[in-house]
Amino acid sequence: MGRRKRKKIVYRRVRSLPKIFTCPKCGHKTVKAKVTSKEEDVEVICGHCGVSQKVSKNDLTEPVDAFGDFIDIYYKDQEYARLTSREEKLWEKKQFTELTLVYSFLADNANVNSTKALEEYQKNKDPKDLEQAEMWKATAAKYVENGKRLQEQLDSGLIEDATLENIYEENEDNPYDEGESKVSEKPKRRAKIEEILGDTGFLEF
Ligand SMILES: [Zn+2]
């Protein structure tokens, strides 16, 4: 008298998680994240404007998680680009005190990038990630140094902020103005910063 085999019931998780997302760059609902078990990373890509980003994943990663990571990276990169453009403007307008702040934000941003790259390296052991981590670390150190030197010059009275009615007469700091030009590649501005601060005569009057 054998027991009747119970029919195996497979409960399927009802997936109501979104699969297509709105692009932060072009605004179309055309962003997809293809999560496969084979790949170590997930490529998040917009089918309309082509903006794309590889993000890391784990066993629980759903497209919505990958999209969230993509959004974080997208806005952080955008913030970085915004800060570098602001840095340039502040030099032009001789707003040194605010520049020291911008340098500290830029250093923070670069440090986050360094940490992320290092995490990637620890996961995949890809030497490129280690290279990136070191590059960002050096970039962060450079910004810290820039800010420090500037502060010293300010403290000693060698330089002072120009008086300006309104240093932002243009729209350069409107975070909602997502002009194409602001989404620039990584540390494009480094050469320029070094140009300015590396020139020993620059801050001497
Ligand atoms: Zn797009």
Side-chain angles (χ1 to χ4, degrees), residues 13-90 102 105-124 126-137 139-140 143 168-193:
R13 185 170 157 203
V14 180
R15 285 170 192 260
S16 54
L17 292 168
K19 289 255 166 63
I20 300 171
F21 311 93
T22 303
C23 178
K25 191 177 177 191
C26 72
H28 286 74
K29 202 171 174 177
T30 42
V31 177
K32 283 185 184 175
K34 206 171 178 193
V35 181
T36 65
S37 50
K38 272 181 257 165
E39 301 287 327
E40 290 270 350
D41 294 315
V42 181
E43 178 152 48
V44 183
I45 185 159
C46 172
H48 186 259
C49 71
V51 64
S52 73
Q53 176 70 49
K54 271 196 175 162
V55 301
S56 52
K57 75 160 187 37
N58 60 39
D59 295 342
L60 300 171
T61 300
E62 296 282 351
V64 68
D65 305 314
F67 178 71
D69 287 349
F70 159 75
I71 286 291
D72 286 349
I73 294 167
Y74 180 83
Y75 283 112
K76 194 166 52 54
D77 286 355
Q78 217 186 32
E79 173 69 359
Y80 189 85
R82 191 183 72 85
L83 285 168
T84 52
S85 106
R86 186 154 158 194
E87 176 204 8
E88 197 177 13
K89 270 281 186 294
L90 291 170
V102 168
F105 292 143
L106 278 166
D108 289 348
N109 199 303
N111 270 323
V112 171
N113 286 344
S114 173
T115 307
K116 281 207 167 170
L118 202 61
E119 281 168 12
E120 273 305 296
Y121 173 70
Q122 276 151 6
K123 239 174 64 186
N124 307 321
D126 183 345
K128 266 191 205 152
D129 288 322
L130 191 60
E131 226 171 76
Q132 280 287 307
E134 272 158 14
M135 187 276 291
W136 280 116
K137 209 175 153 191
T139 304
Y143 284 133
Y168 300 124
E169 73 270 30
E170 289 155 56
N171 255 356
E172 79 253 16
D173 282 300
N174 182 350
Y176 301 103
D177 174 17
E178 295 177 14
E180 289 286 321
S181 62
K182 277 189 209 112
V183 188
S184 69
E185 293 300 309
K186 303 282 147 90
K188 220 181 240 170
R189 300 236 50 93
R190 270 175 85 201
K192 184 72 183 279
I193 301 155

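Keep in mind the model is a prediction, meaning the values are calculated, not measured. Below, each value reflects all heavy atoms present in this structure, side chains not excepted, and no hydrogens, waters or symmetry copies. Read the numbers this way: they start at 1 and go in the same order the structure lists the ligands and their atoms. For reference, positions follow the sequence shown, starting with 1.
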Exercise for the section: Might you work through the salt bridge (charged side-chain N to carboxylate O under 4.0 Å, His left out) test for R82 and E79, ending with a clear yes or no? Expected result: CA-CA 5 Å; R82 191 183 72 85; E79 173 69 359; 3.0 Å; yes

Practice task
Run the numbers on I71 and F67 for side-chain contact (heavy atoms from CB on, under 4.5 Å), then give the verdict.
Solution key: CA-CA 6 Å; I71 286 291; F67 178 71; 3.6 Å; yes

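- A donor-acceptor contact closer than 3.5 angstrom is absent between the side chains of S56 and E40.
- Listed by chain and number, the protein atoms of type N/O/S under 2.8 Å from the Zn ion (ligand 1) are C23 SG, C26 SG, C46 SG, C49 SG; waters are omitted.
- By the 30° and 60° cut-offs, the orientation of the rings of Y143 relative to Y80 is perpendicular.
- Of all heavy-atom pairs between V35 and T61, the closest is CG1-O, 3.6 Å.
- Between V51 and C23, the shortest heavy-atom contact is CG1-SG, 3.7 Å.
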